[in-house]
Amino acid sequence: MSTHLSSVQLQALREDLREQLEQRKRHLDELREQERDSNGGEGTWQELVASAAAAERAVAELSRAFERLAAGTYGRCTHCEAGIPFERLEIRPLARTCIDCQRRHEAA
């Protein structure tokens, strides 16, 4: 499946995703270190665990975006396979649906 995005657009999105992934991985490493060093204060430890879980999900989602880039499916709606506009991907690089499918999903 060919992409509707230009090579320049794909490169810009790839760089943005790479920066986000590196940032999220660093944040996750910091949270894990804080978990190890935590003195066991119940509220703080639970917040750390929740934050680490959220960071792990973000890293996984970013990794899946790279998989879609490699497969040539990045920027295509997972429901209708229409091209997701570059402007939407700039704002939400992890978007997996076009605006129309997203609206239908939210209305359901």
Side-chain angles (χ1 to χ4, degrees):
M1 177 181 298
S2 66
T3 183
H4 64 288
L5 300 168
S6 74
S7 61
V8 172
Q9 290 171 325
L10 281 170
Q11 185 60 29
L13 292 165
R14 184 178 288 111
E15 288 174 14
D16 184 39
L17 288 168
R18 184 174 293 118
E19 283 178 28
Q20 286 187 43
L21 182 59
E22 290 172 4
Q23 180 184 18
R24 296 293 180 141
K25 283 182 175 180
R26 280 192 306 272
H27 182 69
L28 180 57
D29 289 343
E30 291 168 5
L31 289 169
R32 287 180 175 156
E33 187 174 322
Q34 289 176 18
E35 278 181 330
R36 285 189 297 272
D37 296 342
S38 178
N39 63 5
E42 192 63 27
T44 303
W45 191 81
Q46 287 177 339
E47 289 174 18
L48 284 171
V49 170
S51 294
E56 286 173 350
R57 285 190 301 274
V59 166
E61 183 65 25
L62 286 159
S63 296
R64 284 191 292 274
F66 275 105
E67 290 169 5
R68 290 192 307 275
L69 274 167
T73 59
Y74 179 82
R76 292 263 170 216
C77 178
T78 57
H79 295 286
C80 71
E81 297 185 4
I84 300 171
F86 177 69
E87 295 77 16
R88 175 166 168 73
L89 292 168
E90 272 187 310
I91 295 167
R92 287 190 51 104
L94 298 177
R96 292 179 290 171
T97 57
C98 66
I99 294 288
D100 290 338
C101 288
Q102 183 67 36
R103 286 184 180 144
R104 280 193 292 277
H105 174 75
E106 289 173 359

Side chain to side chain contact (heavy atoms under 4.5 Å, CB included) with [X]: which residues, sequence neighbours excluded?
| X | answer |
| --- | --- |
| Glu33 | Arg36, Asp37 |
| Ser51 | Leu31 |
| Leu94 | Leu17, Glu61, Leu62, Ala65 |

For Gln11, all residues meeting side-chain hydrogen bond (donor to acceptor under 3.5 Å, both in side chains), sequence neighbours excluded: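 For Gln11 the side-chain hydrogen bond (donor to acceptor under 3.5 Å, both in side chains) partners, ignoring immediate neighbours, are Arg14, Glu15.
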Residue list, side-chain hydrogen bond (donor to acceptor under 3.5 Å, both in side chains) with Glu87, at least two apart or on another chain: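 side-chain hydrogen bond (donor to acceptor under 3.5 Å, both in side chains) check on Glu87 returns nothing, list empty.
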Restricting to non-hydrogen atoms, name the atom on Gly83 and the atom on His4 that form the minimum distance, rounded to 0.1 Å. CA-CE1, 3.2 Å
Return the minimal non-hydrogen interatomic distance between Leu89 and Gly75, and the atom names on each side. CD1-CA, 3.7 Å
Measuring from atom [atom1] of [X] to atom [atom2] of [Y], what distance do you get when rounded to the nearest 0.5 angstrom?
| X | Y | atom1 | atom2 | value |
| --- | --- | --- | --- | --- |
| Ile84 | Gln102 | CD1 | CD | 9.5 Å |
| His79 | Arg104 | NE2 | CZ | 9.0 Å |
| Ser7 | Gln9 | OG | CD | 9.0 Å |

Quick note, side-chain hydrogen bond (donor to acceptor under 3.5 Å, both in side chains) partners involving residues 16-26, not counting sequence neighbours, are Asp16-Gln20
Under 3.5 Å, is there a donor-acceptor pair between the side chain of [X] and the main chain of [Y]?
| X | Y | value |
| --- | --- | --- |
| Arg76 | Glu81 | yes |
| Tyr74 | Leu13 | no |
| Arg88 | Thr97 | yes |

Atom CZ of residue position Arg64 - does it have more than 12 heavy atoms of other residues, nucleotides or ligands inside 6.0 Å?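 Correct, the count exceeds 12.
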Please enumerate all residues that pass salt bridge (charged side-chain N to carboxylate O under 4.0 Å, His left out) together with Arg32, with sequence neighbours excluded. Glu56
Evaluate the side-chain proximity of Cys80 to Asp100: yes if any heavy-atom separation is below 4.5 Å, no if none is. no
